[in-house]
Amino acid sequence: MPKHTGRGIAAIEYPTGMNQNGDPSQAWIKVKPDGRVDVFAGTSDIGNGSKTIQSQIVAETIGVPYDWVTYDNSNTDSSPVCTGTFASRATFVAGKAVEKAAERVKERILDIAGKELEIDPSDLEIVDGEVLAKGAPQKKIAVPDVAAAATWTYGELITGTGAQLKPYASIVDPETGEVDLPPHSAISYAACAAEVEVDDETGVVQVTRLVQVYDVGRAINPTLVEGQIEGGAVQGLGLGVLENCYPYYPSAEHRGGQFGSYLAPGFEDLPKIDTIIIENPSSDGPYGAKGIGEMANNAQPPAIAAAVFDAVGVWVTELPITPERILRALEAKAEPVRDGKRVVFDSELSVNAVSQGGIAFEVPA
Amino acid sequence: MKLTVNGIAHDVVSAPLATLLDVLREDLGITSPKAGCEQGGCGACTVLVDGEPQRACLTPAASLEGLEVTTVEGLGAPESLSPLQQAFTHHYAAQCGFCTSGMMLAAEGYLKRGGTDDREAIQEALAGHVCRCTGYVKIIDAVAAAARGDSFDLTVTAPSAGMTNLGGV
Amino acid sequence: MKAVGARLPRYDGIEHVTGRTTYVDDVRVPGTLWAKALRSPLHSATMSGLDVSPAEAMPGVHAVITAADVPLLEYGHLSALGIPADEPLLAKDEVRYKGQPIAIVAAEDEETAMAAVDAIEVDFDERPPLFDIRKAFDADAPKVHPWGNWYPHFEGEMDRRQIRKGSIDEAFDRADVIVQGVYRPAAIEHVPLETQVSLAVPEANGRLTVYSCTQALYFSMGVIAAHLQVPLNKLKVVGGTVGGGFGGKVDTASETMCALLAQKSGRPVKWRWTREEEFLCSSTRAPWHMEIADAVTKDGWILGRKMLTLHDSGAYARFSPYGLTKHSFHHTGAYTIPNLSFDGFVIFTNRVPTTAMRGFGVTSVSFATETHMSRVANVLGLDPYEVRLKNANRIGDTSPNRIVYTDPSTVSVVKALAGGMEVELAPEYAAMTRDPREGDLLPEHLVSQMADPEAH
Amino acid sequence: MTQGTEVLFPTSANEAIAQFGDGSGVTVIGGGTIVMPEITYGRMAPTKALLLSRAGLDTLEVDGASVTVGAALPIGRLAELAEDVTALAQCALNVADYEIRRQGTVGGNVCAGEGHDAPRGDLQGPFLALAAEACSVGADGERTEPLDDFLAHRAGRLLLDLRFEKPAASAFAAIDYPHTHEYTVLAVTGVRTTGGETRLAATGLAGYGTRLRSAEAASSDPEQAAAAALKDVTVGDDALASGWYRERTLPVLVRRVLSELEEAA
């Protein structure tokens with residue numbers, strides 16, 4: 001079989017949270033009389049795990065077991081504003097809001113525990129559902145007892161709210177794109193290597209391996225991080241070699257309306273995936289986390305394009321890199337146009353070749 | 001007609017060519033099989049018919065007289081999860097969860113017919129099922145673990161093979 | 001016991017594996033009507049003689065809505081940011097893409113609703129469509145909107161997103177080599193396993209409960225309230241449990257129509273899109289056209305980048321101006337390039353409007369700039385890891401919009417990738433860190449780009 | 001509307017034949033994989049539906065050199081022929097996925113009409129290359145004829161079975177893209193008969209599966225046969241691939257099939 005293997009790499013970055021900010025998330029937490037914790041936030045769980053991650057942040061911040069936390073994002077009557085689950089903001093921005101609300105709850109628990117124990121709240125800490133005197137852990141009161149005291153003795157509701165809003169970054173100079181504030185709260189980074197096998201007679205390309213590196217800031221839940229990265233890898237593979245709403249773009253002919261005619265990746269398209277996580281903490285995210293869900297399908301397509309070049313010596317720069325595009329490129333044997341110090345690829349795709357004088361891409365000589 | 005679902009016989013009166021999916025969801029209120037495409041393309045509606053996985057959206061309910069239909073409710077309840085349900089939980093094989101019922105029943109069928117933990121065999125057996133969230137890795141991990149007869153600690157989840165954490169660098 | 005950093009099980013994991021998670025389509029409200037849409041069969045046309053009365057007269061049909069039933073017909077996805085609306089909830093007088101909703105029917109069952117849709121009368125006068133964004137500026141190009149074919153409302157009422165930094169002419173003058181290429185990623189369907197679905201229930205107290213698969217409860221509530229012209233206390237949006245989104249379920253594609261039908265019929269109304277509607281009529285990730293010319297030195301420094309981006313927005317703007325702005329901010333990728341000239345346009349075409357999808361705005365530019373980076377390395381005969389490390393973002397470098405990088409990780413991830421691929425880097429690259437540039441890594445052309453350490 | 005559909009549920013071949021009658025107004029449902037979505041999507045509203053799942057047409061008989069495949073045999077069961085008719089088993093296993101292969105029938109696949117912008121009827125290729133005879137009933141009674149002829153005039157007929165002689169060798173090659181798939185872009189089946197004749201057929205082209213007779217005539221030289229194959233076919237664009245791509249790769253598959261047949265012989 002005329003099969004060729006190749007390797008390619010890519011390195012990318014991505015802004016965590018909404019570009020230019022200005023996107024609020026809010027949360028409120030109340031504590032039941034037995035110390036169990038109810039979290040209300042408006043963050044949809046689209047499979048990304050908002051319910052899990054935000055519950056973990058609350059459990060950690062207050063100092064109670066994870067299974068004491070009930071998380072309710074079910075409706076706009078009880079949950080406060082959250083701009084939504086997009087732009088890798090559900091952990092990074094909304095998670096910060098619940099962290100802030102949990103801090104307030106913790107303060108209230110310590111205040112009441114301080115009264116019960118007759119110790120200054122600043123000398124107390126909460127560990128595994130118990131309020132302990134720092135350095136003298138035999139002096140303690142269980143959080144359920146604190147909650148009961150709040151309810152029945154002091155007539156108080158232990159509650160806390162939190163909100164996260166970074167001010168909107170305005171473009172102050174539309175000529176240069178200069179902004180008045182950082183348009184991002186944190187930038188995540190990733191790198192990816194792809195290995196491919198290409199049949200030069202049919203153009204069929206199989207991605208055989210993806211090695212990926214992600215700086216996630218801090219993995220609040222490493223398993224969920226893996227889930228995002230692996231899911232993103234396969235979507236990136238789809239972008240790279242399979243998926244296209246308009247197979248004859250720009251024509252709208254032959255749009256696939258079924259799973260048989262729109263090629264979403266399936267089990268048998270799956271390459272071997274190796275992933276390396278780095279934790280360089282962010283300054284703004286909860287516990288140093290960065291969002292990595294969005295960027296998780298960005299690095300594979302360029303790595304695959306470079307791997308295909310390595311395998312068969314042609315650059316396919318229209319996605320997806322289909323068997324047909326590989327065969328056409330192999331037939332065209334296109335070399336870049338060399339003119340002085342200029343090396344020009346893909347000139348047939350340029351606006352300069354297609355537009356009838358409407359727009360041009362001019363490069364300084 | 002009589003339709004037996006998870007061991008319970010139901011009298012079903014519906015349009016003559018109603019799909020099993022419609023009958024389960026709309027007539028019997030069993031909503032775990034999902035209308036993901038109603039074209040047989042995604043597998044979200046798969047149920048077991050006499051132990052073999054089958055797309056409910058492609059199946060005229062009328063053809064199932066005398067046969068046993070199993071949905072994911074028939075695998076196990078929260079307090080009595082089947083080994084496969086435990087495997088899916090421990091290996092984090094469900095993210096949004098919409099494909100999960102069909103996926104698990106396809107996997108259950110695979111295990112029932114003697115499927116092993118061979119990853120390629122699992123991929124082949126589940127090939128008709130689309131999951132857009134997980135990238136399939138952890139689903140294969142879960143089915144392989146169930147095939148091996150692993151026991152599962154449901155208070156934690158398992159890392160993926162091929163995962164390295166370098167910490168801060 | 002630490003919760004953060006622990007491999008805890010999913011909060012809703014047991015619900016998922018027992019089939020008990022309740023998605024919108026699993027909510028059961030007695031008396032619920034089914035909705036079905038009349039959609040445009042043409043890419044571009046003027047429309048006349050819309051008559052829904054034959055559908056309304058059919059037994060089992062409880063309500064039909066058209067543009068005339070919507071209190072505020074046009075409300076933009078980015079109206080909250082001051083970006084003007086351009087898309088009607090239901091087509092009025094003209095259609096700009098195949099699949100555009102024109103009228104929605106609510107009936108006792110799905111079959112009746114389908115038959116009622118078929119009974120609606122409407123005439124079309126077909127117009128030539130525009131599909132190729134590269135031709136959008138040509139004198140003879142079909143006009144997608146009366147005002148033109150590209151978005152005209154960037155800051156300062158500019159018709160493009162622009163980045164200018166340093167001196168592009170000087171960079172190209174000094175370059176040893178100029179590498180130029182064109183990059184065109186495709187439109188992608190989100191393919192959530194749960195198609196677009198919503199259920200609106202009129203309550204006795206005059207409120208509407210809207211069960212929604214939205215990724216953004218409050219955003220969608222704002223959209224519904226604006227179209228209906230009601231205060232937020234008249235709505236309760238129920239959701240938070242979504243069968244996959246990937247960006248496509250921010251659009252609020254079905255909720256408002258269900259709410260209007262529920263108001264008009266006084267009955268609960270559910271609209272679940274078929275998979276074919278999801279594939280053919282729901283918004284997609286945009287196709288993009290990107291041209292890059294890099295001014296580079298023989299030893300692999302990127303001195304300058306000139307870039308043109310055309311973003312195929314489809315028929316309406318939705319989130320596209322936001323996406324293009326984000327794209328422009330990241331057109332240097334994970335690297336520091338001192339001289340920049342970027343021009344980007346949001347182009348309208350007669351295809352389904354495009355919207356946010358995972359990596360929105362940046363997926364495209366990452367593909368273009370990273371494939372280009374590999375080409376540059378290949379043209380220069382240099383190692384692809386080393387070219388990337390050399391130009392990597394470092395602490396104190398500045399971004400295209402002059403923001404200082406405080407904690408970049410390009411160096412970390414590229415070195416870790418080399419480790420993972422068992423590639424041995426030359427000693428000076430193996431020793432590289434993200435610390436501020438100095439020595440050989442601070443050539444004269446980058447000195448002026450370094451931020452004043454005191455400035456931020 | 002399906003509310004008014006009369007559903008017929010024959011429990012024997014004879015009952016099925018009687019209920020099919022002259023076929024007028026009858027929609028045949030084998031496994032349902034093709035018809036049921038059309039009903040769900042409102043594109044088809046049968047007045048009378050004939051469900052074959054219990055009609056006893058799911059037979060697979062091997063009698064010496066002769067093989068008879070019942071029209072309602074699930075596609076996946078053709079894998080049982082892996083030793084005798086390798087290409088047919090390979091082609092069957094290349095159809096969709098495990099569940100669809102259990103549910104979809106050989107007859108449904110062979111009689112499939114145009115797909116939704118993707119090729120259907122994968123099994124037409126091997127059966128054409130095997131020169132299968134189709135036994136069917138209809139207005140003029142029972143008829144056994146070459147599959148080619150049956151496909152051209154199948155309206156109003158109920159396929160009962162397909163019959164063919166075991167070949168000396170067979171080979172199958174398909175475009176393996178995407179790797180997980182429902183439909184196959186292009187596939188070629190080659191058969192070497194016990195008499196030494198070589199027969200070739202392709203699917204994924206415009207219309208039905210096609211015998212590649214020009215390529216067969218040149219089959220002693222795989223390169224010439226590959227080039228000649230293009231004379232036998234009409235190609236078209238669909239969502240999976242263009243006609244251009246199919247023209248480029250049909251010769252490749254023909255060459256691969258012929259060299260595999262050489263090796264097998």
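Labels below follow one simple rule: chain letters A, B, ... track the order of the sequence lines, proteins then strands, and each chain is numbered from 1.
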Taking atom CG of D:Leu93 and atom CD of B:Glu124, what is their separation to the nearest 0.5 Å?
7.0 Å
Counting only heavy atoms from other residues, nucleotides and ligands, does the tally under 6.0 Å from CD of B:Glu120 exceed 12?
no
Residues from residues 20-33 of chain D approaching chain B under 4.5 Å (heavy atoms):
D:Ile29, D:Gly31, D:Gly32, D:Thr33
How about residues 28-43 of chain B versus chain D: which residues have heavy atoms under 4.5 Å apart?
B:Cys37, B:Glu38, B:Gln39, B:Gly40, B:Gly41
Within residues 56-76 of chain B, contacts to chain D at heavy-atom distances under 4.5 Å involve B:Cys57, B:Leu58, B:Thr59, B:Pro60, B:Ala62, B:Ser63, B:Leu64, B:Glu65, B:Leu67
Scanning both residues in full, the closest heavy-atom pair of B:Pro16 with D:Val7 reads CB-CG2, 3.4 Å
Student check: side-chain heavy atoms of B:Leu20 and D:Met36 closer than 4.5 Å
no
How many angstroms lie between atom OH of D:Tyr98 and atom CD of B:Glu52, to the nearest 0.5 angstrom?
3.0 Å
Are side-chain heavy atoms of B:Leu17 and D:Leu51 found at a separation under 4.5 Å?
yes
Does anything in residues 88-116 of chain B get under 4.5 Å of chain D by heavy atoms, and if so which residues?
B:Ala106, B:Arg113
